[in-house]
Protein chains: 2
Amino acid sequence: MSSTGSPIRILVVDDHPLLREGLRAMIDGQTDMTLIAEAEDGEHALQAFREHRPDITLMDVRMPTMGGIDAITAIRAEFPAARIIVLTTYEGDAQALRAIKAGASGYLLKNMLRKELVETIRSVHAGRRRISADIASEMAEHMADDELTARERDVLSQVAAGNANKEVAARLGISEETVKTHMKNVLTKLGAKDRTHAVVVALKRGIIDI
Amino acid sequence: MSSTGSPIRILVVDDHPLLREGLRAMIDGQTDMTLIAEAEDGEHALQAFREHRPDITLMDVRMPTMGGIDAITAIRAEFPAARIIVLTTYEGDAQALRAIKAGASGYLLKNMLRKELVETIRSVHAGRRRISADIASEMAEHMADDELTARERDVLSQVAAGNANKEVAARLGISEETVKTHMKNVLTKLGAKDRTHAVVVALKRGIIDI
DNA sequence: TTCGGACTCCCCCAAAAGGGGGAGCGTAGA
DNA sequence: TCTACGCTCCCCCTTTTGGGGGAGTCCGAA
């Protein structure tokens, strides 16, 4: 865009070497951007951020050792002005919401076009926020819904692992009646027809992981 | 490797532009390989194969319009000697098994190193087969298990959608008793504790999709 | 042709899940 | 302070699930 001024200094964080290579090629093709560092997980991302202080960080969410959400939280705790764009495959609206709450300024899907990515980088660098249309509309769909509480997610995760209410109760150190109460709330909140459906919906929406 | 002889002609099929760019960069860096075409889904892959007759096809499995497995089947039906390497994120052992049954000569995960990819390309070009160690060991784990039958997968997919046995029976036009029989078999074959667990296991292993 | 396997249907019965209700308790905000 | 909310527990009752058994048909491979 502007051929004058210093380029946007970018840090790329992704555990896929091939994707990093693709991003490098794309960034190299822009006169107003430069790739200054790469990291392959959240821990290295934090180190790289401290060392290089990038203008923009492109971050995947699914990575070994330390995931993207934790990395965003850690970076923003230390550098509140950090501008981070999440770049991921589809992970559900809840995942995106977590990223944004953690301080991400953008959320893009990996199947987007180059054009959209470079525009988002410039946009976020200028202080704006950018969320992929697909994700934004799905997040909007669930705006009105109550989110699951921490305990409800605990219970649902246990259920996803194949535990009966009695077993979940034993594992969490609560009564079976309490587990049933939580599951009733989960079914209502997720609009699920039964516990199996609830698990599937929660997986789709990125509320729980397996 | 060999600086003499004609280069290995490669077709890349993936719906992620960034990943295609990364592959292009990697292939361009090898003296004995050349990227001759790209496609973004299964249908275009078949067209591109007809037109270019690549030595090696690198193919993702998850794509819009026509998935990778169908594309492999279609290409191998027309060109039985086609050498296809699947390149994907982790999708479970059942997915890998389907790809191999469809005629893939290799199965790699996207988080592998460049070195492994170029070695696999040369290896497959020389007529060998190569499966990622992680996938191979997981496939081995389930060698002894009976696979689910088509009908069992149908039933399980309906269950994953939140249908009770009675509803599944109505949808598939069979009796509830038959659905229960299928579910009993599914639980046994997958080693699942209940239907919810069965759905989770099947999703993890790539036996059903959501 | 015979055999195996997929698919279908049936019985019985115990256990689990789900839907309705109510209620106490602690803590963090308004 | 009072209120809202998350977490906990309890009751009652119906429906669904799961585990055990058996058995018929049909199709394709040996």
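In this text the structure is predicted, and so the values were computed from the model without any measurement.
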Between [atom2] on [N] and [atom1] on [X], what's the gap in Å once rounded to a whole number?
{"X": "A:Glu167", "N": "C:dA15", "atom1": "CD", "atom2": "P", "result": "14 Å"}
{"X": "B:Asn163", "N": "C:dA17", "atom1": "CG", "atom2": "P", "result": "19 Å"}
{"X": "B:Leu172", "N": "C:dT8", "atom1": "CG", "atom2": "P", "result": "8 Å"}
{"X": "B:Ile174", "N": "C:dC9", "atom1": "CD1", "atom2": "P", "result": "6 Å"}
{"X": "A:Lys193", "N": "D:dT16", "atom1": "NZ", "atom2": "P", "result": "12 Å"}
{"X": "B:Leu156", "N": "D:dT17", "atom1": "CG", "atom2": "P", "result": "13 Å"}
{"X": "B:Asp154", "N": "C:dC7", "atom1": "CG", "atom2": "C1'", "result": "12 Å"}
{"X": "B:Asp146", "N": "C:dG5", "atom1": "CG", "atom2": "P", "result": "9 Å"}

Note down the inter-axis angle between the two ends of the helix from C:dT1-D:dA30 to C:dA30-D:dT1, five pairs each, to the nearest 10°.
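Answer for the end axes of this duplex: 50°.
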Contact nearer the 5' end of DNA chain C, comparing B:Asp194 with B:Glu176:
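Here B:Glu176 is the residue nearer the 5' end.
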Can you tell me if the side-chain N/O atoms of [X] get under 4.0 Å from OP1 or OP2 in [N]?
{"X": "A:Thr181", "N": "D:dC7", "answer": "no"}
{"X": "B:Thr149", "N": "C:dA6", "answer": "no"}
{"X": "A:Asn165", "N": "C:dA17", "answer": "yes"}
{"X": "B:Ser175", "N": "C:dC9", "answer": "yes"}
{"X": "A:His182", "N": "D:dC7", "answer": "no"}
{"X": "A:Lys180", "N": "C:dA17", "answer": "no"}
{"X": "B:Arg195", "N": "D:dT17", "answer": "yes"}

Compare every heavy atom of [Y] with every heavy atom of [X], then report the nearest pair and how far apart it is.
{"X": "B:Ile208", "Y": "B:Leu203", "result": "O-CD2, 3.6 Å"}
{"X": "B:Val124", "Y": "B:Ser105", "result": "CG1-CB, 3.7 Å"}
{"X": "B:Ile174", "Y": "B:Thr178", "result": "CD1-CG2, 3.9 Å"}
{"X": "A:Glu40", "Y": "A:Met63", "result": "O-SD, 4.0 Å"}
{"X": "B:Ile8", "Y": "B:Ile56", "result": "CG2-CG1, 3.7 Å"}

Counting side-chain heavy atoms from CB outward, which of D:dC7, C:dA16, C:dC11 is closest to A:Ala150?
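Among the listed nucleotides, the one closest to the side chain of A:Ala150 is D:dC7.
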Side chain of A:Thr178: nearest nucleotide among D:dT8, D:dG19, C:dC7?
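Per side-chain heavy atoms of A:Thr178, the pick is D:dT8.
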Going by the ring pair (Phe, Tyr, Trp, His ring centres under 6.0 Å) test, which pairs reach into residues 185-210 of chain A, not counting sequence neighbours?
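Passing the test, one end in residues 185-210 of chain A: no pairs.
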Touch class at under 4.0 angstrom, heavy-atom based, for B:Lys166 against every strand present
sugar-phosphate
B:Met112/B:Thr120 under side-chain contact (heavy atoms from CB on, under 4.5 Å): CA gap, chis, key distance, verdict:
CA-CA 11 Å; B:Met112 101 238 100; B:Thr120 300; over 6 Å; no
If the test is salt bridge (charged side-chain N to carboxylate O under 4.0 Å, His left out), which one of B:Lys110, B:Arg20, B:Arg62 qualifies with B:Asp14?
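Checked B:Lys110, B:Arg20, B:Arg62 against B:Asp14; only one passes salt bridge (charged side-chain N to carboxylate O under 4.0 Å, His left out): B:Lys110.
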